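Below is one structure, written out as structure tokens; comments come after it.
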Amino acid sequence: MEDLPLSAAGPFDVGRCILAGGNKVRSLETWMKNKGIWFAAGAYVIWGLFPIYWKQLSSVPALQLLGHRIVWSFLFLIAVVFFTKQINTFRVEAANKRVLGVYAIAALLIGVNWLTYVWAVNAGYIVETSLGYFINPLLSVLLGVIFLRERLRPLQWLPVGLATLGVAYLTLVYGRPPWIALVLAFTFGLYGLVKKIAPLGSLHGLTLETGILFLPALIFLTFMGISGEGAFLEGSLKTDILLVGAGIVTAVPLLLFASAARRIPLVMIGLMQFIAPTIQFMIGVFIYDEPFSHNQLIGFSIVWLALIIFWIEGYMANRKSIPAPIPELGEG
């Protein structure tokens, strides 16, 4: 349709133009939200497959794995910032003390999360790490409601309640405090909250986080190398490649997650996170033969039922209305 100037358009034409404009805005909102959903799904699938990657590096001590994740992630990210000509903007943002404070907290949280996870995977606790990421979405929902004033629709409380019941049952089945699961849940849940309110975009934010940790990690790895205990360049070529690749496989899902957190509600992110632990659980049980009892199956089934209800409720609600996305801030 050829656009008419408003001065020459009749009432019908003006109304048609306004309607067309509204449809374009609505289409943009839909596209932005769908993009956020795909970003989140991609991040959780990659995280779900992580145990296979880290198992290939089981001979490397957990602290060294953490150091390599930080060092190579930062080098990869700063290269992206440089080659996309955002380095000057990033320098200005990183010089802000308030920004540094926020991202120092995020860096600490993600560092503890990374260390706990790689140690647990290589120590044979993949199933327990999956429990941690089943607990985490519930914490994300709670943080979204309490701190960000996000609201659940009445029917959404049913899957949340079922998921809570399932996770509580699984916790009791273990017969001990699941400290690995709890550390993973709390560190990543709080990390998600910080990323939700952080002022920078996903690329600059993650670059700053890993940059804050870069120097301590590099010093530690250098010391390990000098003392003859370093894993890098001391073993097989496969190990060296995987250690370098740890930067890419670490950075990509976190960038996806950070972008998704700004486009869709934290409540939705929290419940979508069941994708990753489900994949991790299946890897632990079916690939690495970790024990999985009948009681554990009951608990997981309750959680899966909660997911089915949530997805059906979300589909029905989205047919009626499309909520506005949260725009991404601070990307240069």
Side-chain angles (χ1 to χ4, degrees), residues 37 40-41 43-51 113 116-117 120-121 124-146 150-190 192-193 257 260 264-318:
I37 292 173
Y44 298 133
V45 169
I46 295 173
W47 278 320
L49 297 173
F50 260 12
N113 183 275
T116 304
Y117 184 79
V121 166
Y125 294 103
I126 296 175
V127 172
E128 187 167 338
T129 65
S130 74
L131 175 60
Y133 289 109
F134 277 120
I135 297 172
N136 171 244
L138 304 175
L139 184 61
S140 295
V141 167
L142 182 62
L143 292 173
V145 171
I146 294 175
E150 294 182 350
R151 294 183 178 180
L152 292 178
R153 293 183 294 272
L155 193 55
Q156 284 181 306
W157 287 106
L158 176 59
V160 170
L162 279 174
T164 303
L165 176 63
V167 171
Y169 181 85
L170 287 170
T171 302
L172 292 174
V173 165
Y174 276 94
R176 58 174 174 80
W179 69 267
I180 294 172
L182 293 173
V183 170
L184 291 175
F186 276 90
T187 53
F188 200 68
L190 291 171
L193 176 63
F257 171 79
I264 58 180
L266 194 60
V267 168
M268 181 174 291
I269 286 180
L271 289 170
M272 284 185 70
Q273 285 178 12
F274 284 110
I275 295 171
T278 299
I279 297 174
Q280 292 168 6
F281 150 73
M282 295 179 71
I283 289 173
V285 172
F286 296 109
I287 296 181
Y288 296 110
D289 296 322
E290 291 189 6
F292 185 69
S293 67
H294 177 72
N295 287 332
Q296 287 173 293
L297 176 60
I298 294 174
F300 275 80
S301 298
I302 295 172
V303 173
W304 291 330
L305 176 61
L307 284 175
I308 293 171
I309 295 173
F310 173 74
W311 287 332
I312 293 175
E313 191 280 337
Y315 172 76
M316 298 301 294
N318 287 334

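Everything numeric here is computed off the predicted structure, so don't read it as measured data.
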Within-4.5 Å side-chain heavy-atom neighbours: Phe50 and Val121: no
So, for Gly48 and Ile283, which heavy atoms are closest and what is the spacing to 0.1 Å? O-CD1, 3.3 Å
Could you tell me which non-hydrogen atom of Ala185 sits nearest to which non-hydrogen atom of Gly132, and how far apart they are? CB-O, 3.4 Å
Ring centres under 6.0 angstrom apart (Tyr133, Tyr44): no
Can you tell me how far CG of Leu162 sits from CG of Leu305, rounded to the nearest 0.5 angstrom? 5.5 Å
Parallel, tilted or perpendicular: which fits the ring planes of Phe188 and Trp47, with parallel below 30° and perpendicular above 60°? perpendicular
Would you indicate whether the side-chain heavy atoms of Thr116 and Thr187 approach each other to under 4.5 Å? no
Could you pull out the closest heavy-atom pair between Tyr117 and Gln280, with the gap in Å? OH-NE2, 3.5 Å
For Pro277 and Ser130, work out which heavy atoms get closest and say how close. CB-O, 3.1 Å
Output for pair (Met282 CE, Ile126 CD1), nearest 0.5 Å, gives 13.5 Å
Rounded distance (nearest 0.5 Å) linking atom OH of Tyr169 with atom CD1 of Ile302: 7.0 Å
Is atom CZ of Phe186 surrounded by more than 12 heavy atoms (other residues, nucleotides or ligands) closer than 6.0 Å? no
Gln296 and Val285, any side-chain heavy atoms less than 4.5 Å apart: no
To the closest 0.5 Å, what do you measure between OH (Tyr125) and CG (Leu131)? 13.5 Å
